[in-house]
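In what follows, a single structure is set out as structure tokens and then discussed.
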Amino acid sequence: MAAMKHWLMKSEPEEFSIDVLERVGTEPWTGVRNYQARNFMLKDMKVGDPILFYHSNCAVPGVVGIAKVASKPYPDPTQFDPDSDYHDPKSKPEDPRWWMVDVGFERKFDGTVSLEQMKARADEFGDFTLLRRGNRLSVMPVEAAQYKRILSMAKAGGR
DNA sequence: GCCAACGTTGGC
DNA sequence: GCCAACGTTGGC
């Protein structure tokens with residue numbers, strides 16, 4: 001059996017936060033319009049894969065909890081909706097350009113494992129995509145060891 | 001609000 | 001196929 005893959009997915013809390021995910025339980029991850037991020041969802045994600053839920057573009061950016069992949073990939077319906085911010089007129093229903101998965105709530109950390117705290121321990125993470133300068137990917141794979149380190153930081157209150 | 005870094009687009 | 005211009009991301 002192939003090893004389970006671990007992921008990190010970013011969301012702006014003003015758009016969609018871990019608290020809203022906790023309330024709704026499962027959310028279609030619409031709106032990804034980057035091919036690399038799409039390919040991770042389309043080709044590499046498996047139902048049940050764990051996801052680090054990351055708050056970006058906010059006062060304290062960082063990992064705030066755990067989610068999981070809750071569906072197989074399917075076409076993002078917002079690409080066909082002319083009223084949606086994510087509408088893509090070049091995408092055809094018979095050949096959808098943008099794919100996504102559903103994301104399910106797992107748990108919320110007691111505190112945020114902040115980007116600042118992760119940067120301070122960058123040497124323990126090795127080559128961590130999130131910490132690469134200029135990184136803008138909103139969906140990225142995380143090594144199992146990196147995932148575990150963030151969980152242990154969460155347990156230790158971010159320290 | 002600023003701006004560096006990046007991905008995408010389109011002219012050539 | 002190159003690359004300048006543009007729009008977006010996201011930390012600060």
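Here is the naming used below: chain letters follow the sequence lines, and residue numbers restart at 1 for every chain.
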Atom-pair distance ([atom1] on [X]; [atom2] on [N]), nearest Å:
X	N	atom1	atom2	answer
A:N135	B:dA5	CG	P	13 Å
A:R133	C:dC12	CZ	P	12 Å
A:Q36	B:dT8	CD	P	9 Å
A:N39	B:dG7	CG	P	14 Å
A:E12	C:dT9	CD	P	7 Å
A:M118	C:dG11	CE	C1'	13 Å
A:D88	B:dT8	CG	C1'	12 Å
A:K90	B:dG10	NZ	P	5 Å

| task | From the options C:dG11, B:dT8, B:dG7, select the nucleotide whose nearest atom is closest to the side chain of A:Y35. | result |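 For the A:Y35 side chain, the nearest candidate turns out to be B:dT8.
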| Under 4.0 Å: is that the gap between some side-chain N or O of A:K10 and OP1 or OP2 of C:dG10? |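 Indeed, a polar side-chain atom of A:K10 lies that close.
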| request: Respond yes when some side-chain nitrogen or oxygen of A:Y54 is under 4.0 Å from OP1 or OP2 of C:dT9, and no when none is. | output: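 Result: no.
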| Under 30°, 30 to 60°, or over 60°: which ring-plane class applies to A:H55 and A:F53, parallel, tilted or perpendicular? |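 Ring orientation, 0 to 90° scale: perpendicular.
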| said: Just to be sure I understand the rule, does A:L137 reach a base, reach only the sugar-phosphate, or reach nothing, if contact means heavy atoms closer than 4.0 Å? | reply: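 Since only primed, P, OP1 and OP2 atoms lie under 4.0 Å of A:L137, the category is sugar-phosphate.
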| query | Only one of A:W7, A:W29, A:Y35 clears ring-ring contact (aromatic ring centres under 6.0 Å, His included) with A:F40; which? | reply |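 Option passing the ring-ring contact (aromatic ring centres under 6.0 Å, His included) with A:F40: A:W7.
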| Earlier contact from the 5' end, DNA chain B, for A:N57 and A:G134 |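 The residue mapped nearer the 5' terminus is A:N57.
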| said: Just so I know, are the side chains of A:E143 and A:H6 near enough to count as touching, which here means a heavy-atom distance under 4.5 Å? | reply: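 They are not in contact (no side-chain heavy atoms under 4.5 Å apart), so the answer is no.
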| said: For a 4.5 angstrom cut-off between non-hydrogen side-chain atoms, does A:R149 reach A:R121? | reply: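 When only atoms from C-beta onward are counted, A:R121 and A:R149 do touch, with a gap below 4.5 Å.
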